[in-house]
Amino acid sequence: MPTLSRRIVSVACAVGASLPLLASASGLYRTGPAEDVGYVRFVNLTTQPVSVTNAGGQALELLTDKPVSDFLAAPTAQPIRGSATAKSGSAAKLDLKVGSEAFVTVLLRGGQEGLEAVALSETPQDFNALRASLALYADARDCKNANVVLPGTEVRLFTPGEGVPRRQVNPVSLSVQLECDGKQVGEATAPVALRAGGRYSLVVRPGSSGPSVLVVEDAIAP
Amino acid sequence: MLPQVLAGLSILVIGDSHMASPNNLLNPLHEALTKQGAVVHSIGVCGTNPGDWLKPTAPQSGCQGYEGAERIGDGRAKVLGSAAQTQAIGPLLAKEKPDVLLVVMGDTMGAYDRPAFPRAWAWQSVSALTKAVTEAKVTCVWVGPGWGEEGGQFGKTYARAEQVSKFLADTVSPPCTYINSLAFSKPGAWVTLDGQHYGRSGYQKWTESIVGALANVEAVKKLRPR
């Protein structure tokens with residue numbers, strides 16, 4: 001009888017809804033990511049387009065006017081293998097191990113034997129919605145003891161040390177002057193309005209008239 | 001008696017498993033806010049993180065039987081069952097235009113079974129939701145997790161609860177005002193069923209503390225009901 005069935009179902013639902021939440025012996029659900037994950041991005045420091053291809057054949061194009069990719073989620077259980085190939089045909093093998101929570105930036109630069117891939121890794125901890133975060137990425141062959149100063153001052157933003165230097169700053173309009181081995185190089189960058197909560201990379205790129213700084217807002221691909 | 005700060009305000013409450021069952025936080029909080037004169041829409045989906053509210057996302061499979069619940073205004077709470085899913089926050093805020101978005105999330109990010117708290121992963125999830133909140137220009141208040149009890153089935157510890165709460169305090173504000181639930185009680189004071197989810201008494205105490213704190217949020221005090 002439809003009416004009696006509906007009544008029984010609605011009573012059962014009401015009883016079920018009034019029971020407190022009960023957990024199973026193994027816990028109800030996961031509190032955290034399904035698997036350990038790191039992130040990897042590629043930066044084209046050459047003067048020609050570069051194509052990055054993974055072991056599965058998927059390609060990412062890095063053009064000269066958009067040389068920095070978003071950070072891509074990467075598995076940590078096995079290495080990432082592939083290759084980077086410049087338009088000229090020069091290629092570099094990729095064989096990267098990405099640690100849990102690590103952010104790996106692969107600088108693709110021209111070397112003595114053609115295209116090179118230089119991996120720089122950091123594990124940032126400074127996530128903050130009120131301040132901006134800055135990191136400096138440089139290959140010592142392009143700029144030894146790289147640092148940046150506020151233009152017109154000797155205020156150095158980074159403290160020399162191991163690994164990729166990173167610091168928090170107030171979200172202001174920022175222009176920086178590159179310094180290599182204590183000497184200022186090139187022109188100051190155009191001002192960039194830093195966003196509260198934004199994360200930025202200052203990437204030193206080689207050039208025919210000397211190294212310069214590329215200012216990039218870091219992004220993780222959705 | 002609380003001043004009638006919340007009277008006439010529309011409040012959209014979204015949350016994780018604490019809001020996913022009528023007899024967890026959903027009913028007590030919804031009713032307490034309504035009693036203050038607010039018009040409330042509450043939605044909870046079990047096992048969800050902030051980033052899961054960017055597009056419709058189902059609860060985790062481990063939530064079977066307690067998937068989600070919703071309650072609108074003076075209506076009764078509805079247990080969503082297998083139909084439970086989050087609602088994309090952008091369109092939801094655009095449609096409802098609440099005066100206040102109240103977010104109750106944090107425990108599902110705790111990674112209580114792992115040795116280290118995954119800050120980058122959590123940042124990505126939190127910042128996805130706060131970006132949408134900023135774009136919607138809605139007054140946002142975020143309630144972080146309480147202490148729970150150590151030794152429970154989720155592996156929650158007081159040290160990790162503090163880490164998660166500090167992380168949320170640093171990363172949700174702005175645009176949200178952060179309410180630190182750890183300030184409402186001492187560790188282990190509210191009895192839980194599993195180290196994470198409270199019994200009736202715990203949820204009642206949490207409700208009272210949340211409503212009191214919400215009425216003292218400067219951004220909420222400045223609001224005038226539409």
Side-chain angles (χ1 to χ4, degrees), chain A residues 9-10 12-40 70-74 76 98-104 121-131 133 166 168 171 195-199 217-222, chain B residues 17-18 20-24 46-47 49 54 59-66 69 76-79 81 107-114 116-128 130-131 152-156 167 170-176 193-200 203:
Chain A
V9 166
S10 65
C13 283
V15 169
S18 69
L19 287 173
L21 188 71
L22 296 175
S24 67
S26 59
L28 280 175
Y29 54 82
R30 189 184 63 245
T31 59
E35 55 184 359
D36 282 345
V37 68
Y39 303 90
V40 63
D70 289 346
F71 278 106
L72 308 166
T76 60
V98 180
S100 177
E101 294 269 291
F103 285 74
V104 175
S121 180
E122 57 161 335
T123 310
Q125 299 290 301
D126 66 334
F127 300 97
N128 190 296
L130 263 179
R131 307 195 79 194
S133 178
R166 176 174 288 280
Q168 288 185 346
R195 242 181 359 95
R199 304 183 68 76
E217 182 165 2
D218 300 343
I220 298 178
Chain B
S17 61
H18 291 295
S21 168
N23 290 311
N24 283 4
C46 175
N49 288 299
L54 275 290
Q60 291 187 45
S61 58
C63 293
Q64 196 170 13
Y66 308 97
R76 288 171 62 86
K78 186 178 167 191
V79 173
D107 269 325
T108 315
M109 286 191 288
Y112 296 132
D113 59 340
R114 287 163 187 250
F117 174 55
R119 301 170 74 85
W121 171 82
W123 165 254
Q124 192 186 358
S125 190
V126 165
S127 56
T130 55
K131 182 167 182 271
Q153 289 156 1
F154 286 92
K156 184 172 179 178
F167 175 83
D170 285 343
T171 56
V172 307
S173 180
C176 303
L193 303 172
D194 54 15
Q196 185 172 305
H197 301 96
Y198 303 107
R200 186 189 298 273
Y203 278 122

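As a basis for the values below, the full set of heavy atoms in this structure was taken, side chains included, without hydrogen atoms, waters or symmetry mates. Letters A, B, ... mirror the listed sequences (proteins, then strands); counts begin at 1.
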In terms of heavy-atom proximity below 4.5 Å to chain A, should B:F167 be classed as side chain, backbone, both, or neither?
-> side chain
With sequence neighbours left out, the residues meeting side chain to side chain contact (heavy atoms under 4.5 Å, CB included) with B:A77 are B:P22, B:L26, B:N27, B:R71
Side chain from CB out, backbone as N, CA, C, O: work out which of these in B:S173 comes under 4.5 Å of a heavy atom of chain A, or both, or neither.
-> backbone
Nearest heavy-atom contact between A:T31 and B:D113 is O-OD1, 4.2 Å
Tell me, side chain or backbone of A:A219 under 4.5 Å from chain B's heavy atoms, or both, or neither?
-> neither
Which is it for B:R114 and A:D36 under the side-chain contact (heavy atoms from CB on, under 4.5 Å) test, yes or no, and what are the steps along the way?
-> CA-CA 10 Å; B:R114 287 163 187 250; A:D36 282 345; 2.4 Å; yes
Which heavy atom in B:S17 sits nearest to a heavy atom in A:Y29, and how many Å separate them?
-> OG-OH, 2.6 Å
Point-to-point distance, once rounded to the nearest 0.5 Å, from CZ of A:R131 to CG of B:D170 = 11.0 Å
In terms of heavy-atom pairs under 4.5 Å, which option from B:C63, B:G155, B:P118 contacts chain A the most?
-> B:P118
In terms of heavy-atom pairs under 4.5 Å with chain A, which of B:G81, B:A69, B:A120 leads?
-> B:A120
How close do A:G197 and B:W123 get, heavy atom to heavy atom, and via which atoms?
-> O-CZ2, 3.3 Å
With a 4.5 angstrom heavy-atom cut-off, which part of B:Q196 approaches chain A: side chain, backbone, both or neither?
-> side chain
Interatomic distance, CD@A:Q125 vs CZ@B:F117, rounded to 0.5 Å, equals 10.0 Å
Gap between atom CD of A:E101 and atom CZ of B:R119 - 0.5 Å precision = 9.0 Å
Please answer whether the main-chain N or O of A:I220 pairs with a side-chain N or O of B:Q124 as donor and acceptor at a distance below 3.5 Å.
-> no
Value for NZ (B:K131) from CZ (A:R195), rounded to nearest 0.5 Å, stands at 8.0 Å
What's the shortest heavy-atom distance between A:A129 and B:P174, and which atoms?
-> CB-O, 3.4 Å
List in chain and number order the residues that pass side chain to side chain donor-acceptor pair (under 3.5 Å) with A:D126, two or more places apart in sequence or in another chain; answer none if no residue qualifies.
-> A:S133, A:R199
